[in-house]
Amino acid sequence: MSSSDSDDDMPLAQRAAQNVDVKPASNGAAAAKRPAARKPSSAAARSSPSSGSSGSDSDSDSDSDSEDDVPLSQRTPQPKAGAKRKKPAAAAVKKQPAKKQKTNSGSSTRPKSGGKGGGEPKWTTLVHSGVLFPSEYEPHGVKVLYEGKPVELTPEQEEVASMFAIMKETDYMSKPTFLKNFWEGFKEVLGRGHVIKDLAKCDFTPIYDHLMAERDKKKALTKEEKAAIKVQKDAAEAKYKHALVDGRQEQVGNFRVEPPSLFRGRGEHPKMGKIKQRVYPRDITINIGRDAPIPEHPYPGQRWKEVRHDNTVTWLAFWKDTVNPKEYKYVWLGATSSFKAESDLLKYEKARKLKDYITDIRKNYKRDWESSDVRKKQMGVAVYFLDKLALRAGHEKDDDEADTVGCCTLKVENVECVPPNHIKFDFLGKDSIRYENTVDVELAVYKAVQAFIKVDAKGKRKGPRDMLFDTFDATDLNKELKGLMDGLSVKVFRTYNASITLDRLLSEMEEAEEDAYAAKSVDAKKADYDRANKEVAILCNHQRSVPKTHETSMAKVTEKLNAMREEIKALEEEHETALKAKGRGKNPDAIASKLSKKMAALEKAELQAAVKEDLKTVALGTSKINYMDPRISIAWCKRNEVPIEKVFNKSLLSKFHWAMDVESSFRF
DNA sequence: ACTTAGACTTGGAAAAATATTC
DNA sequence: GAATATTTTTCCAAGTCTAAGT
């Protein structure tokens, strides 16, 4: 049933290569033959000066727009090639101020909802160009060997074979689940009665080699050739990069439709190796302002799955993942957008609010540790874990997902009571990253956990795979938290914990050295900052795999350090002899200054090496991006005259623009 | 009550871009 | 200036959490 819905992708094969992306001049042509191409003035969200004014603001096209609202089925049937249109005239920043009424009420056909803000409108006008499709598959003709003999494959089969071939050197190749899932998918693509009957007898090496050669070829292009390609790519992408939200130009995040591939789940994911099908316009739902032109796409026979005008949500498009049909893939605005900035601020303000409640919350859960109500007692311990360890909530997971846990899904086997009062945690968390931590806990907690490990609320004995907390799940816990503070949920503890820790560590360092602190070198201060950042990352268990080159590059560094030490020793001796020579030889002072310079350099290099070793498994980025209130960092920079650029790179600077004018006295 | 849909944040790895070294 | 090391960006998977549906 694979190809099932066929029919409208029949022409697929032919249209292959051509249209779609890259193609400088032809680009326009390809775009021209599309279907839904509506009217002339499809506002291309060019980076127009935007400065306003723009005398040319002609807009006028409001004539027959009405059709946008038609659900889709009864849209102008098959636009067919005839609908030729010239370039979509330069951007026409439509503003249409007074229209909001209509647009707002518009989305009524839809579930209304809209997550967070409830049904609150998030925008009034929304203009964008939709999504950019990956280019069609171009067959290379290289054959798979089956029992040593080359096998002819159709382009469709070859495409799938190539997805597999490219993964030759990954360790997915040694995972039975991956191989099994891939083979099931591949078998289906091959069709019944195909010569290939056993994956183990296939040799994809020729394809792998070919793909590698292609990659090398690309890498070997001259600077000019590469630049030319980039120009083309940029041109193809340009119109997708921005959207117009209530007249403001905003960056779009992921406007590219994900290309077909093999699903690479993390950890022991039951679905790894399944084929992620190609996504077409007919799979994609577009969300756009009622008065905005419907985005075009390069598939003449197709139309979007649906076009909505739902202003209670912030996504521009979505499609259902083919591997996991319960999952949606959304296209959103970028991190710099006002949607994101606003919710970022909200997130941190909520976490700050927890400060005012945390004392009571702690008092509460301590009392609950003693409760005779098992559920109360378990919740008390769970909240304590959130507070102390910043664990994730841990929602229930299906059997077709990797088996990972969080606070509420901890199993008996994940915790161990180590006398007199330590609890050892060992489990796979998000992304199957291992969490291993032994913590000191209050005796009451220790005792409580000992009990939870043994029996459930009804007194039944537990086994290793049973839930540690058997009286509630993450949803229940969140409901409970709502009673403690408006808007409180499990993840708020993580944000709170991370931010308050950074704030505390930074000010402790400042206070330790008082006025002298400002006088420290910027490098030294930055090192302090990184140390604090590291603490937060460890708290949140943000890990990374050791870089493949770590070992060798570390050896190199050590070697260099030794060389420096030798040099210093030599200089010291030289200095000694110069002193003895009393002016008849070299100038001892010159040597001394050279020496101290070398020693400073050595010190710096040693520090660098230590940090490198120290951070080989710690990822600082995640907490910086998602957990530490940027205002803490910015205020710290201001107080200590550290340029913000030392702490935030270009994208972080723009992501956190909303926080830039915080006062230097800001405390989380 | 419970299950699922839906929407949004968070996460590590890989790829690409830059900086540094030889 | 090519080779390497480091940083940034991209990719897309995997969480959280609320609301809707039954």
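These numbers come from the heavy atoms of this one structure, side chains and all, not from hydrogens, waters or symmetry mates. Throughout, a chain's letter reflects where its sequence line sits, starting with A, and its residues are numbered from 1.
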Gap between atom CG of A:D209 and atom CZ of A:F204 - 0.5 Å precision: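 Going from the CZ atom of A:F204 to the CG atom of A:D209 covers 13.5 Å.
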Phosphate OP1/OP2 of B:dT9: any A:K491 side-chain N/O under 4.0 Å: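 So the side chain of A:K491 is outside the cut-off, no N or O lying under 4.0 Å from OP1 or OP2 of B:dT9.
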Nearest-nucleotide comparison on DNA chain C, the residue closer to the 5′ end among A:H395 and A:S261: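 Comparing both residues, the 5'-ward one is A:S261.
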Under 4.0 angstrom between A:S545 side-chain N/O and B:dG12 OP1 or OP2: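 No.
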A:K241 NZ - C:dT9 P separation (whole Å):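 Spelled out: NZ on A:K241 to P on C:dT9 is 13 Å.
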Separation of atom CH2 in A:W319 from atom P in B:dA7, rounded to whole Å: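 Taking CH2 of A:W319 and P of B:dA7, I get 14 Å after rounding.
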A:S343 side-chain N/O to B:dT9 phosphate OP1/OP2 under 4.0 Å: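 Checking A:S343 against B:dT9: at least one side-chain N or O falls below 4.0 Å of OP1 or OP2.
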Geometric class of the A:F427/A:F425 ring pair [parallel <30°, tilted 30-60°, perpendicular >60°]: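 Rings of A:F425 and A:F427: perpendicular, as their planes differ by over 60°.
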Presence of salt bridge, A:D486 and A:K350, under 4.0 angstrom: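 So A:K350 does not pair with A:D486 through a salt bridge.
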Residue-phosphate contact under 4.0 Å: A:T475 side-chain N/O, C:dC17 OP1/OP2: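 Answer no for this pair, as no side-chain N or O of A:T475 is under 4.0 Å from OP1 or OP2.
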Student check: side-chain heavy atoms of A:F318 and A:I286 closer than 4.5 Å: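 Counting from C-beta outward, A:F318 and A:I286 never come under 4.5 Å.
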Touch class at under 4.0 angstrom, heavy-atom based, for A:G621 against every strand present: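 Counting heavy atoms under 4.0 Å across all strands, no contact is made by A:G621.
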Sugar-phosphate only, base, or nothing, as touched by A:I625 at under 4.0 Å among non-hydrogen atoms: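 If one applies the 4.0 Å heavy-atom cut-off, A:I625 turns out to touch nothing in the nucleic acid.
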Below 4.0 Å: OP1/OP2 of C:dT18 and any side-chain N or O of A:K482: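 Looking at the OP1 and OP2 atoms of C:dT18, one of them is under 4.0 Å from a side-chain N or O of A:K482.
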Touch class at under 4.0 angstrom, heavy-atom based, for A:G406 against every strand present: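 If one applies the 4.0 Å heavy-atom cut-off, A:G406 turns out to touch nothing in the nucleic acid.
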Phosphate OP1/OP2 of B:dC8 contacted by A:W332 side-chain N/O (<4.0 Å):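 It does, given that an N or O in the side chain of A:W332 lies less than 4.0 Å from OP1 or OP2 of B:dC8.
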Donor on one side chain, acceptor on other, A:Y529 and A:S633, under 3.5 Å: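 On atom types as modelled, these side chains qualify, holding a pair under 3.5 Å.
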Any A:K326 side-chain nitrogen or oxygen under 4.0 Å from OP1 or OP2 of B:dA5: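 So the side-chain polar atoms of A:K326 never come under 4.0 Å of the phosphate oxygens OP1 or OP2 of B:dA5.
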Sugar-phosphate only, base, or nothing, as touched by A:K276 at under 4.0 Å among non-hydrogen atoms: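 Counting heavy atoms under 4.0 Å across all strands, the contact made by A:K276 is with sugar-phosphate only.
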Whole angstrom value for the distance that separates P of B:dA1 from CG of A:D476: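 For the pair A:D476 CG and B:dA1 P, the rounded distance is 10 Å.
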A:K329 vs B:dA7: side-chain N/O to OP1/OP2 distance below 4.0 Å: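 No, A:K329 has no side-chain N/O under 4.0 Å of OP1/OP2 on B:dA7.
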Distance-only donor-acceptor check, side chains A:T471 and A:Q378, under 3.5 Å: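 Present: a donor and an acceptor within the cut-off.
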First of A:F318 and A:N626 reached from the 5' end of DNA chain B, by closest nucleotide: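 The residue closer to the strand's 5' end, by nearest nucleotide, is A:F318.
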Spacing between A:E258 atom CD and C:dC11 atom P, to the nearest angstrom: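 Taking atom P of C:dC11 as the reference, CD of A:E258 is at 9 Å.
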Between P of C:dC12 and CG of A:D321, the distance in whole Å: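 Going from CG in A:D321 over to P in C:dC12 covers 11 Å.
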Protein-nucleotide distance (A:K397, atom NZ; C:dC17, atom P), rounded to Å: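 Those two atoms, NZ and P, are 15 Å apart.
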Atom-pair distance (NZ on A:K320; P on C:dC12), nearest Å: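 One finds 20 Å between P of C:dC12 and NZ of A:K320, rounded.
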Charged N-O contact under 4.0 Å between A:K347 and A:D344: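 Answer for the salt bridge query: yes.
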Given DNA chain B, 5'-ward residue of the pair A:Y330 and A:K230, judged by closest heavy atom: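 On the 5' side of the pair lies A:Y330.
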Phosphate contact (B:dA14 OP1 or OP2) by A:R215 side-chain N/O below 4.0 Å: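 So the side-chain polar atoms of A:R215 never come under 4.0 Å of the phosphate oxygens OP1 or OP2 of B:dA14.
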Contact under 4.0 Å: A:R264 side-chain N or O vs C:dC11 OP1/OP2: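 Looking at the OP1 and OP2 atoms of C:dC11, neither is under 4.0 Å from any side-chain N or O of A:R264.
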Out of B:dG12, B:dT9, C:dC17, whichever nucleotide has its closest atom nearest the side chain of A:K340: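 Closest nucleotide to the A:K340 side chain: B:dT9.
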Minimum-distance nucleotide to A:R392 side chain [options: C:dG15, C:dT18, B:dC8]: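 Looking only at heavy atoms from C-beta outward on A:R392, the closest nucleotide is C:dG15.
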Within residues 533-543 of chain A, residues whose heavy atoms come under 4.0 Å of DNA chain B: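 By residue number: A:N541, A:H542, A:Q543.
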Sugar-phosphate, base or nothing in reach of A:P259, heavy atoms under 4.0 Å: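 Contact class for A:P259: sugar-phosphate only.
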Lys/Arg N to Asp/Glu carboxylate O, A:K271 vs A:D400, below 4.0 Å: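 Salt bridge present between A:K271 and A:D400.
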Side-chain N or O of A:S489 closer than 4.0 Å to phosphate OP1/OP2 of C:dC17: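 Answer is yes, contact under 4.0 Å.
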Whole-Å distance separating the NZ atom of A:K430 from the C1' atom of C:dT16: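 Answer to the nearest Å: 8 Å.
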Nucleotide-resolved protein contact map, nucleotides 1-8 of chain C, B/S/- at heavy-atom distance under 4.0 Å: ---SSS-S
A:S432 side chain near C:dA14 phosphate (N/O to OP1/OP2, under 4.0 Å):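 Answer no for this pair, as no side-chain N or O of A:S432 is under 4.0 Å from OP1 or OP2.
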Validation row: A:E268, A:K175 side chains within 4.5 angstrom (heavy atoms):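 In contact.
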Pairwise 5' ranking along DNA chain C for A:L488 and A:V257, keeping only the more 5' one: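 The answer here is A:V257.
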Test item: A:V313 and A:R308 side chains (from C-beta on) under 4.5 Å apart, heavy atoms: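 No - every pair of side-chain heavy atoms lies 4.5 Å or more apart.
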Close side-chain approach of A:C407 to A:F469, heavy-atom, < 4.5 Å: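 Contact flag for A:C407/A:F469 side chains = yes.
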Side chain to side chain donor-acceptor pair (under 3.5 Å) between A:R248 and A:S338, worked out: CA-CA 9 Å; A:R248 272 172 287 122; A:S338 28; 2.3 Å; yes
